[in-house]
There are 4 protein chains.
Amino acid sequence: MTKPPTRIQKRNQAAIMSAGLDIFSQFGFRGTTLDQIADAAGLSKPNLLYYFPSKEAIHTALLERLLENWLDPLKALNSGGDPVQEIIAYAHRKLALSKDYPRESRLFANEILQGAPRIENILHTDLKQLVDEKAAVIKGWADKGKIAPVDPYHLIFSIWALTQHYADFDVQVQAVMPGSDPYAGAATYLDHVISRILQP
Amino acid sequence: MTKPPTRIQKRNQAAIMSAGLDIFSQFGFRGTTLDQIADAAGLSKPNLLYYFPSKEAIHTALLERLLENWLDPLKALNSGGDPVQEIIAYAHRKLALSKDYPRESRLFANEILQGAPRIENILHTDLKQLVDEKAAVIKGWADKGKIAPVDPYHLIFSIWALTQHYADFDVQVQAVMPGSDPYAGAATYLDHVISRILQP
Amino acid sequence: MTKPPTRIQKRNQAAIMSAGLDIFSQFGFRGTTLDQIADAAGLSKPNLLYYFPSKEAIHTALLERLLENWLDPLKALNSGGDPVQEIIAYAHRKLALSKDYPRESRLFANEILQGAPRIENILHTDLKQLVDEKAAVIKGWADKGKIAPVDPYHLIFSIWALTQHYADFDVQVQAVMPGSDPYAGAATYLDHVISRILQP
Amino acid sequence: MTKPPTRIQKRNQAAIMSAGLDIFSQFGFRGTTLDQIADAAGLSKPNLLYYFPSKEAIHTALLERLLENWLDPLKALNSGGDPVQEIIAYAHRKLALSKDYPRESRLFANEILQGAPRIENILHTDLKQLVDEKAAVIKGWADKGKIAPVDPYHLIFSIWALTQHYADFDVQVQAVMPGSDPYAGAATYLDHVISRILQP
DNA sequence: TATGAATGAGTTTTCATTCAT
DNA sequence: CATGAATGAAAACTCATTCAT
C-alpha cells in the first residue's frame, strides 16, 4: 500500500536532506533549528514537517544514509591483495570520502563528540566487528612480515584521523593554507605516511 | 576599587568553568543550556549569572583559557634542537594535551566544526603565523636533508589529527577497544609513525 | 439545479457522520481533529472537506440530527393514557435511546458539559417548552391523585439521569460490572424505581 | 531536601488548580489550552509552567485531588447502621458533593466520557472493589428483608446518576428551571425517591 | 471526486535573562 | 551571595483550511 514517491516528494525530501545535512553538520542536533533547515530548503516549516514527522526524523534519516556507506572503504580492504597497496588504497578511499562528503564527515564527528547517543550500539556492534576483522587481517600481514609490526587498531585509527581531519577541521586547514585545495597535497602526503609506516 | 575575588568566588567560578567545559564540549554552544551548567555546577541559574554575565561569557572564558595553552606545544618546537627528536617531542606534548585535557580538545573541535565563529580571526592571525613560522623551520630541516622532504603543513596537520583523535573521538575509540587505556598504545604507535615519516 | 446526492455522496457523507460521531462524542468539539475523523471515515482530509465545508459543519450536522429525535420519547408522553404506564413507557423509550444510540447521548453530554454553546437557545425554547408542557400534564395527574405528589421537573430530570447514565458513563459501568450487558438489569430496576416513585 | 512551599507558591499553585479546574471541567483535556488557564489564573504562560511542568501535570494533579474525596461518601456507608437511613444519607452526601464541587463532578464526567484513559485502572481496582463491598452490604440488607430486593449495583448507579446530574447537566437544569436553586428541590425529591425504592 | 502539497495561525514547551528580596 | 519568581522570545510541532491538479 505504500505509494512510490512522486517527483515533488523526491525533490523536497532531497532538499530537506541536503539542508539538514548543512545545518546539522555544523551545529549538531540540539544546535540546529527547524527554521534554519526550512529556510535552507526553501520550504515553510509546516511543509517541512509534512515530509518528515519531526526534527529527529530528519537527523535519523541523515545518519542512516551516512552509515550506509561510511564503512564501505574499510569493508573493501581485501585480505588477498598486496598488504601495502591495500592499506594505501583504503586510505585513499577514505580521503576521497572526506573530499566528496565533508558534511557527512562533520555530521559523524558531531555525533561522536556528543557521545554518539544515536549510534552507540552501531559503534559497539557493526563497527567493532568490522574493525576486529580487518585488524586481524592486518595483524596477519604483520606476523608474516609483509608490513611493519604495528598495532593494527592504532593504524586504523590513524587512517581515520588523517583523512577525516581535512573534512572536520576544514575551517582551520583553510585558515592555515588559504586559497589552496588541500586534498592534492594531502593525498601525496598520505602516500608518503602510509608507505613509511608500513615498510617492513 | 575592584576587590580581589574571595575564596567563594574562586570556588564558584571554577565550578562554573568546569561544568561549562563538560557541557559545552559535548553539546556545542547552542546545544548547551544554562540549566545544564547550573545543575552540573551545583548552583542556581541566577547565581550562575551573578558570576558570569551571560552564557556567551562562560563560553568565551573557556575558549580564552583554552587558547592560552593550546599552541604551547607547537611554540616549544625548537629550531635549534635535533629535528626528529623535536618533532617527536612535539607530537608527545600534543598527545599529552589530549590525554590530560580531552574536554578542552572537544570544545575546540566543536568550535571548528561550527565554522569557528568565535576564533576565526585567531586562526587567521596567531595560528597561521605560528604554523607558518614552524613550517619554515621544518622546511629548513627538510631542505638540509635532516628529515624526509615532506610538506611541513601536512606534517603539522597530521600530528594534530593523530593526537586530537584520541580525545575527540574517544567514544568511538572506547567502543572499538573497550576497557583499555588507548594512550599507552597511542604513544608507542606515534613514535613509530613520526620517526618513519621523518626518516630522511 | 442542485443535483440529488449520488450513491457515493451518500455513502461518504454517512461515513463522515458516523466517524465524526465516534470522535466528537469522545473528545468533544475542540478535542477532535479532522485527521481523526478522516482516518475513521477512510477518507483524505481534503476529500472530507469536500463533503462538509468545515469541522464546525460536521459537528452541527450531528447535533441537528441528534436533536431531531432526542425529544421524541418525551413528546410521546400521552396525557390521555394511564399515568404510571405512560411514565414508565417514557423511561423505557429513553433507556432504549441510550442503548441504541450511546454515541449520540455522549455527544449531547459533551455539549452540555461545555456549556451548550451551540444548543443553548434550543434548551431555552424547544426543550423548556416541551418540559413545561409535560410537567403540567404530570402535575395534573399528581393533583388528581393518580400518581404520588412529586415535583414533575425533578421527576423528568431523574428519568434523564437514570437512563443516560448507562450511555454516558458506560466505561465506569463496564468497569464495575465487567462482561455484562447492563441494559437488561437497568430495565428491570427502572421499572421498580419508577413504579415505586409514582405509587400514589 | 524538598522545601516547603512558600506563600507565593501556595497562592499560585492554588490559582492554577482553580483555573485549570474551571477550564478542564468545561472543555476536557484536549479542548483546554494553557493560554486559557494562564489567563484565568492571572499568570503568564511560562510562569504557569514554572509551577507545573506541563499541561498534563495540572490535569493529573486535579484528577488526583478529585479522587482523594470522590469515593468518601460511599466509603462512609455503614453496614451497622439502619439500612434505609444509611442509603438516604449516602445519597445526600453525594448530592452535597455535586452542589459544593460541581466543577470536580464535570471534570470526572469529562474523563469518563473520553474513555477514562487516565483513571481506567482506578475504576477497575479501587472503585470496583469498593462498589463490590458496599453492594454486598446492600444485598445483605435486601436478603434479610430490611429493604426491597433491588439490584445493589443498579441502586448505586442510580444514586450516582441522580445526584451527579445536577452538577454535570447544570446548564440544562438551569434552562428548564431558570433562576431557581435546584438543589433544594432535588434533596426533597431524592428523599422521596430513595425511600420509595427501598421500602421493603 | 479525490488527493498530494502547502500554509497561517495556533499550542506546548524551552530558555536566556531579569527582578525582587 | 543566593534564590524564588517572572517573562519575552523562540523553538518544535499541530491543525483547520486552501490550492492545484
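As judged by a 4.0 angstrom heavy-atom cut-off over every strand, A:Ile8 is placed among residues touching the sugar-phosphate backbone only. Using a 4.0 Å heavy-atom criterion, one finds that A:Leu34 contacts the sugar-phosphate atoms exclusively.
Nearest heavy atom pair, residue D:Gln36 against residue D:Gly31, reads OE1-O, 3.7 Å. Between C:Phe24 and C:Asn110, the shortest heavy-atom contact is O-ND2, 3.6 Å. Of all heavy-atom pairs spanning A:Ala40 and A:Ala19, the tightest one is CB-CB, 3.6 Å. Of all heavy-atom pairs between A:Gly28 and A:Gln114, the closest is CA-NE2, 3.6 Å.
When each of F:dT17, F:dA5, E:dT11 is scored by its nearest atom to the side-chain atoms of D:Asp35, the top-ranked nucleotide is E:dT11. Comparing E:dC15, E:dG4, E:dG8 by their nearest atom to the side chain of A:Pro46 picks out E:dG8. Side-chain proximity of A:Lys55 to F:dA2, F:dA12, F:dA5: nearest is F:dA12. You'll find that the side chain of C:Tyr51 is closest to E:dA2, out of E:dA16, F:dA9, E:dA2.
Comparing C:Thr33 and D:Arg7 by the nucleotide of DNA chain F whose heavy atom lies nearest to each, the residue mapping closer to the 5' end is D:Arg7. Nucleotides of DNA chain E nearest to D:Lys45 and A:Leu43 differ in position, and the one nearer the 5' end is that of A:Leu43. Both C:Ser54 and B:Gly42 lie near DNA chain F, and the one whose nearest nucleotide falls closer to the 5' end is B:Gly42. Between D:Phe29 and C:Leu48, the one whose closest nucleotide on DNA chain E sits nearer the 5' end is C:Leu48.
Taking atom CD of A:Glu56 as the reference point, atom P of F:dA11 lies 18 Å away to the nearest angstrom. The separation between A:Ile16 atom CD1 and E:dA5 atom C1' is 12 Å, rounded to whole Å. The CZ-P distance, from D:Arg30 to E:dT12, rounds to 11 Å in whole Å. Rounded to whole Å, the distance from CG on D:Leu49 to P on F:dA12 is 17 Å. If you take CZ of C:Phe52 and P of F:dT18, they are 16 Å apart, rounded to a whole angstrom. As rounded to whole Å, 12 Å separates atom P of E:dA16 from atom CG of B:Asp39. Rounded to whole Å, the distance from CD on C:Gln13 to C1' on E:dT1 is 13 Å. The CZ-C1' distance, from D:Arg11 to F:dG4, rounds to 13 Å in whole Å.
Note that D:Arg103 lies outside the cation-pi zone of D:Phe108, set by a 6.0 Å cut-off to the ring centre and a 45° limit from the axis.
Note on D:Asn12: a side-chain N or O is less than 4.0 Å away from OP1 or OP2 of F:dA6. Residue A:Asn47 places no side-chain N or O under 4.0 Å from the OP1 or OP2 atom of E:dG8. Considering only side-chain N and O atoms, A:Gln9 lies nowhere under 4.0 angstrom from the phosphate OP1 or OP2 of E:dG4. Within the 4.0 Å cut-off from OP1 or OP2 of E:dA5, at least one side-chain nitrogen or oxygen of A:Thr6 is found. For D:Tyr50, no side-chain nitrogen or oxygen approaches OP1 or OP2 of F:dA6 to under 4.0 Å.
In this structure, F:dT21 forms a base pair with E:dA2, meeting either the Watson-Crick or the G-U wobble geometry with both donor-acceptor distances under 3.5 Å. Here F:dA12 sits opposite E:dT11 as a Watson-Crick or G-U wobble pair (both hydrogen-bonding atom distances under 3.5 Å).
Expressed to the nearest 0.5 Å, how far CG of B:Leu123 lies from CZ of A:Phe169 amounts to 11.0 Å.
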